[in-house]
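Report on the following structure.
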Amino acid sequence: MNPKRGFASDNNAGIHPTLLEAIARANVGHSQAYGNDAWTERAVAKFREHLGSHVDVHFVFNGTGANVLGLSSLLRPYHAILCAETAHINVDECGAPEKLTGGSKLVDIPTPDGKLTPALVEPRIRGLGDQHHVQPRVISISQSTELGTVYTPEEIRALADLAHRHGMYLHMDGARISNAAAALGVPLRAITTDCGVDILSFGGTKIGMMVGEAVVVFDPKLAPDFKFLRKQGMQLASKMRFVAAQFEALLTDELWLKIARHANAMAALLAREVSSIPKVRLTRPTQANGVFAALPAELIPRLQEHAFFYVWDEPTSEVRWMTSFDTTEEDVRGFAHRLRELVGG
């Protein structure tokens, strides 16, 4: 029997069929290793079509690797990264950004919605030039955020301008950047290149790839030696063509957009379906492919038996439901129906 689909994470979904086919097509004959292949060349060209001919693109295995290496290219050990308290680099990367950037400090900032603003960040930019203080160097944002919210182009530009005014950089953790662009109805460059982002971690796994993320450097002068960081950071794939082939397919004929639109639409449907159920309260706006809700704690394990998901905040019984490329309307309506039964029963 096939395992049932759940709402725990878009990481839990399988591989999108088109991307699996791309891997199979690349699995013919021999090819040079370590990115010296036609698939990598074509995939980089696709990124440049979307983000600008000037960008450098480096493929890595996973999101933590992309974030750590992207940040490392900008940092010295006495630097600080300003991020939201809920940021993945702060909560879910086991201290890797601080350890593997040589000891740079994460300064986490509380936010009401997972989004940084100039008003929240600027008071933390202090001690510049003072040898007794860690030096703020990077503002890091997640798009979409860990709370499912989305930065508009104007909000990103404001943060980039603030960073650049102080001689700092803007890093974007784009694990779900495709979902954010789809939610906003804008091209990928509108929330990256055009807004002054300096380094981007571009998510592949959560949008349907088997493995692989990309580090995009918008000004190649920022990280001229990135290939050495990637190798030293154990993120250089020998058979890179299989990562690159997926990205080439993902960025062709707007596949990334079709997948993201579907996942977002399923989240919107789920939010609508559960919003009228008594004792269930949506806790955050549903803007991308995540739904956050509070429900009676005693119902959570019984609902997880129907389809697994994670509890986001134990004390408040807030849960997170994520949708993906293979989420169906039947999945959503069946899940909402079961929740309705539990509340009523």
How are the rings of [X] and [Y] set relative to one another: parallel (under 30°), tilted (30 to 60°) or perpendicular (over 60°)?
| X | Y | result |
| --- | --- | --- |
| Phe335 | Phe309 | perpendicular |
| Phe218 | His54 | tilted |
| Phe59 | Phe247 | parallel |

Hey, quick one: are [X] and [Y] part of the same hydrophobic cluster, counting side-chain heavy atoms closer than 4.5 Å, chains of contacts allowed?
| X | Y | result |
| --- | --- | --- |
| Leu162 | Leu222 | no |
| Phe242 | Ile15 | yes |
| Leu128 | Leu75 | no |
| Ile177 | Val55 | yes |
| Ile141 | Val186 | yes |

Can you measure from [atom1] ([X]) to [atom2] ([Y]) and round to the nearest 0.5 angstrom?
| X | Y | atom1 | atom2 | value |
| --- | --- | --- | --- | --- |
| Phe7 | Met266 | CZ | CE | 9.5 Å |
| Leu257 | Asn179 | CG | CG | 10.0 Å |
| Thr145 | Gln143 | OG1 | CD | 8.5 Å |
| Leu299 | Lys279 | CG | NZ | 7.5 Å |
| Ile139 | His164 | CD1 | NE2 | 8.5 Å |
| Lys115 | Thr86 | NZ | OG1 | 12.0 Å |

* Asked: Could you walk me through whether Asn289 and Thr323 pass the side chain to side chain donor-acceptor pair (under 3.5 Å) check?
  -> CA-CA 6 Å; Asn289 65 319; Thr323 55; 4.6 Å; no
* Asked: Ser73 versus Leu69: any side-chain heavy-atom pair under 4.5 Å?
  ->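 Counting from C-beta outward, Ser73 and Leu69 never come under 4.5 Å.
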* How far apart are the C-alpha atoms of Arg338 and Glu305, what are their side-chain angles, what is the distance that settles it, and do they pass the salt bridge (charged side-chain N to carboxylate O under 4.0 Å, His left out) test? -> CA-CA 10 Å; Arg338 180 58 181 147; Glu305 291 174 2; 5.7 Å; no
Any donor-acceptor N/O pair, [X] side chain to [Y] backbone, under 3.5 Å:
| X | Y | result |
| --- | --- | --- |
| Glu213 | Asn62 | no |
| His79 | Gly103 | no |
| Asp198 | His171 | no |
| Gln246 | Ile23 | no |
| Gln135 | His133 | yes |
| Gln232 | Leu229 | no |
| Gln235 | Phe61 | yes |
| Thr193 | Leu51 | yes |
| Lys258 | Asp253 | yes |

* Given side chain to side chain contact (heavy atoms under 4.5 Å, CB included), test Tyr151 with Leu159 step by step and report yes or no. => CA-CA 10 Å; Tyr151 285 93; Leu159 288 166; 3.8 Å; yes
Count the heavy atoms belonging to other residues, nucleotides or ligands that lie under 6.0 Å from [atom1] of [X], then report whether that count exceeds 12.
| X | atom1 | answer |
| --- | --- | --- |
| Arg76 | CZ | no |
| Tyr34 | OH | no |
| Asp130 | CG | yes |
| Arg261 | CZ | no |
| Glu49 | CD | yes |
| Glu298 | CD | yes |

Do [X] and [Y] have side-chain atoms, one donor and one acceptor, less than 3.5 Å apart?
| X | Y | value |
| --- | --- | --- |
| Ser104 | Glu98 | no |
| Glu93 | His88 | yes |
| His16 | Asp326 | no |
| Thr149 | Asp113 | no |
| Thr316 | Asp313 | yes |

* Asked: Does Arg320 make a cation-pi contact with Tyr310, if we ask for NZ or CZ under 6.0 Å from the ring centre and within 45° of the axis?
  ->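 No, Arg320 does not sit over the ring of Tyr310.
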* To do: Could you check Asp56 against Lys221 for salt bridge (charged side-chain N to carboxylate O under 4.0 Å, His left out), going step by step and ending with a plain yes or no?
  => CA-CA 10 Å; Asp56 274 352; Lys221 292 195 294 291; over 6 Å; no
* Would you call Glu248 and Arg42 a salt bridge, taking side-chain N to carboxylate O under 4.0 Å as the test? ->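 Result for this pair is yes, salt bridge flagged.
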* Flag the pair Glu154 and Arg157 as a salt bridge only when some basic side-chain nitrogen lies within less than 4.0 angstrom of an acidic carboxylate oxygen. =>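 Salt bridge flag = no for Arg157 with Glu154.
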* Let me know which of Phe47, Phe228, Phe226 forms a ring-ring contact (aromatic ring centres under 6.0 Å, His included) with His58. =>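 The single option meeting the ring-ring contact (aromatic ring centres under 6.0 Å, His included) with His58 is Phe226.
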* When you look at Asp10 and Arg176, which way does the salt bridge (charged side-chain N to carboxylate O under 4.0 Å, His left out) test go after all the steps? -> CA-CA 10 Å; Asp10 32 15; Arg176 296 187 176 96; 2.8 Å; yes
* Tell me, with the steps shown, if Arg241 and Asp37 meet salt bridge (charged side-chain N to carboxylate O under 4.0 Å, His left out). => CA-CA 7 Å; Arg241 60 173 152 156; Asp37 60 79; over 6 Å; no
* Asked: What residue among Glu341, Arg333, Arg340 forms side-chain hydrogen bond (donor to acceptor under 3.5 Å, both in side chains) with His337?
  ->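 Among Glu341, Arg333, Arg340, the one meeting side-chain hydrogen bond (donor to acceptor under 3.5 Å, both in side chains) with His337 is Glu341.
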* Residue pair Met210, Leu19: steps toward the side chain to side chain contact (heavy atoms under 4.5 Å, CB included) verdict -> CA-CA 8 Å; Met210 181 179 76; Leu19 304 180; over 6 Å; no
* To do: Begin from the C-alpha positions of Ile300 and Ser317 and carry the test side chain to side chain contact (heavy atoms under 4.5 Å, CB included) through to its verdict.
  => CA-CA 8 Å; Ile300 292 174; Ser317 297; 4.2 Å; yes
